[in-house]
Amino acid sequence: MKTIAGFVFLMGIILFFADTEVLAPLGGFAVYFIVGGLVMLAIAQLAGNREKNWRCRIGFHDFERKERVEEVPAMRWYRCKRCGKEKRAASIV
C-alpha cells in the first residue's frame, strides 16, 4: 500500500510539472493525485505501524539526544520522547 501511495504521489508530481500535449488533459488531476497519495500514505502508516502515539505512527518522532556510541565517537543514540524508539545517528556537534 505504501508503494502504491508513493507511485500515486509521484504521478501527481509528474503531472504537475508535465508540459507535453499528451499529458495536458490530465494536468487538472495533478493536485488530486498528490493529495490522494499523501492520504493513502498516512492511512497505510497509521494501519501498519504499532507505535503508541499516532504522530509516531506517521513518522513524526520527537527524538532527544542521549549518550555517545562507544565504537564510533561521532555517533550518538537518540530516543523518541513519545514512543521510546531508539536510533543511532551521526552527530556533528
Side-chain angles (χ1 to χ4, degrees):
M1 177 101 171
K2 294 177 192 176
T3 307
I4 294 170
F7 282 127
V8 170
F9 179 75
L10 181 64
M11 188 179 359
I13 296 294
I14 291 171
L15 287 175
F16 188 73
F17 290 112
D19 213 17
T20 62
E21 293 179 13
V22 175
L23 297 177
L26 297 174
F29 294 109
V31 176
Y32 296 120
F33 279 112
I34 293 171
V35 172
L38 289 176
V39 168
M40 285 174 53
L41 186 62
I43 290 171
Q45 289 289 91
L46 285 171
N49 292 343
R50 296 292 173 219
E51 280 94 7
K52 298 172 191 167
N53 196 307
W54 66 272
R55 288 179 284 183
C56 292
R57 287 185 192 173
I58 296 175
F60 295 117
H61 293 279
D62 188 16
F63 287 107
E64 63 182 353
R65 189 182 296 179
K66 294 293 182 182
E67 68 273 355
R68 291 190 182 273
V69 176
E70 292 83 20
E71 302 94 39
V72 183
M75 299 287 272
R76 286 188 170 266
W77 282 104
Y78 292 88
R79 178 178 212 137
C80 179
K81 294 177 186 175
R82 292 188 288 261
C83 69
K85 178 180 179 179
E86 290 185 345
K87 73 174 185 175
R88 197 169 81 168
S91 176
I92 57 173
V93 178

Inter-residue atom distance [X].[atom1] - [Y].[atom2], 0.5 Å rounding:
X   : Y   : atom1 : atom2 : answer
R79 : E67 : CZ    : CD    : 9.5 Å
L38 : I43 : CG    : CD1   : 11.0 Å
C80 : F60 : SG    : CZ    : 12.5 Å
T3  : M40 : OG1   : CE    : 10.0 Å
L41 : F9  : CG    : CZ    : 9.0 Å

For I4, is the CD1 atom crowded, meaning more than 12 foreign heavy atoms sit under 6.0 Å from it?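 12 or below, so no.
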
In terms of relative ring orientation, are F29 and F33 parallel, tilted or perpendicular, with 30° and 60° separating the classes?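 If you compare the ring of F29 with that of F33, the planes turn out perpendicular.
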
Which residues share a salt bridge (charged side-chain N to carboxylate O under 4.0 Å, His left out) with R55, sequence neighbours left out: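 For R55, no residue satisfies salt bridge (charged side-chain N to carboxylate O under 4.0 Å, His left out) once neighbours in sequence are set aside.
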
Sequence neighbours excluded, which residues qualify as salt bridge (charged side-chain N to carboxylate O under 4.0 Å, His left out) partners of R88?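 For R88 the salt bridge (charged side-chain N to carboxylate O under 4.0 Å, His left out) partners, ignoring immediate neighbours, are E71.
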
Option among K85, Q45, R82, K81 that satisfies the side-chain contact (heavy atoms from CB on, under 4.5 Å) test with C56: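 The single option meeting the side-chain contact (heavy atoms from CB on, under 4.5 Å) with C56 is R82.
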
Applying side chain to side chain donor-acceptor pair (under 3.5 Å), can you list everything that pairs with K66, at least two apart in sequence or on another chain?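 Checked K66 against side chain to side chain donor-acceptor pair (under 3.5 Å); matches are E64.
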
